[in-house]
Amino acid sequence: MKLGRLNHIGVATPDLDASIAFYRNVMGATDVTEPFVLESQQVRVCFVNTPGENGTAGTQIELLQPTSSDSAVGKWLEKNPLGGQHHICYEVPDIHAAKAWFEGLGKRVLGEPRIGAHGTLIFFVHPKDMGGQLTEIMETPKDGHH
Ligand SMILES: CC[C@H](C(=O)O)C(=O)SCCNC(=O)CCNC(=O)[C@H](O)C(C)(C)COP(=O)(O)OP(=O)(O)OC[C@H]1O[C@@H](n2cnc3c(N)ncnc32)[C@H](O)[C@@H]1OP(=O)(O)O
Ligand SMILES: [Co+2]
């Protein structure tokens with residue numbers, strides 16, 4: 001398995017607009033995308049772009065507010081009402097080879113690879129098989145656009 005760049009850190013929040021204000025006013029973020037709803041994951045999401053180096057894209061903070069309490073993020077917020085770090089997403093060159101790799105190690109891949117918020121194929125690996133860390137694996141965007 002070839003580990004690629006850290007694409008984003010998923011951060012859950014009970015109030016997306018308050019979190020955007022926090023990243024702008026407390027963290028000095030200047031590049032925050034327009035929120036949109038991803039029905040399939042029952043989340044309203046936006047990205048805080050952090051500066052990259054030498055013209056490359058920086059790692060993003062993916063801010064996630066559930067649109068329903070009966071959702072992965074909704075359920076997680078019930079246990080973590082303030083919100084916080086929810087998952088980590090790494091890029092890989094070949095999503096299908098990566099899926100076979102984790103399954104070969106007996107780790108639970110959650111569902112089939114599907115198109116994620118960045119428009120490329122992703123899957124998640126169960127946190128209990130990953131040292132407590134919910135891990136999203138994402139195929140590196142072909143056009144290099146992140
Ligand atoms: C913008 C969209 C973007 C995309 O899809 O492109 C996203 O990133 S969407 C993000 C939301 N979607 C997901 O997280 C999908 C993957 N997650 C799941 O399938 C579930 O959340 C799952 C299976 C990890 C847990 O669901 P379950 O129904 O089993 O919930 P439980 O509360 O019973 O959890 C079981 C056990 O796991 C612990 N847990 C749950 N979530 C996390 C987490 N994010 N990080 C670490 N650990 C987590 C939970 O505490 C339970 O452990 P226990 O010791 O029993 O308390
Ligand atoms: Co994500």
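Order of listing sets the numbers, starting from 1, for every ligand and every atom in it.
Annotation: side chain of E62 is in contact with side chain of V45 (closest heavy-atom distance under 4.5 Å). Considering only heavy atoms from C-beta on, F124 comes within 4.5 Å of R114 through its side chain.
Protein heavy atoms all stay at least 4.0 Å away from atom 35 (C) of ligand 1. There is a protein heavy atom closer than 4.0 angstrom to atom 45 (N) of ligand 1. The protein does not reach atom 22 (C) of ligand 1 closely, with no heavy atom under 4.0 angstrom from it.
In terms of protein heavy atoms, atom 7 (C) of ligand 1 is closest to E62 OE1, 3.6 Å. From the protein, the heavy atom lying nearest to atom 12 (N) of ligand 1 is Q41 OE1, 2.9 Å. Nearest protein neighbour of atom 54 (O) of ligand 1, counting heavy atoms only, is K128 NZ, 2.8 Å. Atom 25 (C) of ligand 1 has its closest protein heavy atom at H126 NE2, 4.8 Å. Nearest non-hydrogen protein atom to atom 33 (O) of ligand 1 is K75 NZ, 3.8 Å. Here the heavy atom of the protein found nearest to atom 5 (O) of ligand 1 is R114 NH2, 2.7 Å. For atom 40 (C) of ligand 1, the nearest protein heavy atom (residue, atom name, distance) is W76 CD1, 4.4 Å.
At a 4.0 Å heavy-atom cut-off, ligand 1 touches H86 through backbone and side chain alike. Using a 4.0 Å cut-off between heavy atoms, E136 contacts ligand 1 through its side chain alone, with no backbone atom that close.
Interface atoms of ligand 1 facing K79, defined by a heavy-atom separation under 4.0 Å, are 32 (O), 49 (C), 50 (O), 51 (C), 56 (O). For ligand 1, the atoms lying closer than 4.0 Å to a non-hydrogen atom of G116 are 6 (O). Near L64, with a cut-off below 4.0 Å to any heavy atom, the atoms of ligand 1 are 1 (C). Of all the atoms in ligand 1, the ones that sit under 4.0 Å from a non-hydrogen atom of I122 are 4 (C), 5 (O), 6 (O). Every atom of ligand 1 is numbered from 1 in the order shown, and the set under 4.0 Å from a heavy atom of L38 is 1 (C), 2 (C). Atom numbering of ligand 1 starts at 1 in the shown order; those under 4.0 Å from a heavy atom of V73 are 11 (C).
Assignment of M138 to the shell around ligand 1 is not supported, since no heavy atom sits closer than 4.0 Å. Remark: distances from the non-hydrogen atoms of G10 to ligand 1 are all 4.0 Å or more.
For W76, the CH2 atom is densely surrounded, since the number of other residues' heavy atoms within 6.0 Å is greater than 12.
With hydrogens and angles left out, the side-chain atoms of E136 and H8 include a donor and acceptor closer than 3.5 Å.
Ligand 1 has no N or O atom lying under 3.5 Å from any N or O atom of H8, backbone or side chain. At least one N or O atom of A117, backbone or side chain, sits closer than 3.5 Å to an N or O atom of ligand 1.
Of all the listed residues (S71, A72, P127), P127 holds the heavy atom that lies closest to atom 47 (N) of ligand 1.
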Audit row: I122, I115, side-chain contact (heavy atoms from CB on, under 4.5 Å) steps and yes/no:
CA-CA 6 Å; I122 65 152; I115 297 295; over 6 Å; no
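Note on H8: counted as a metal contact of the Co ion (ligand 2), an N/O/S atom lying under 2.8 Å.
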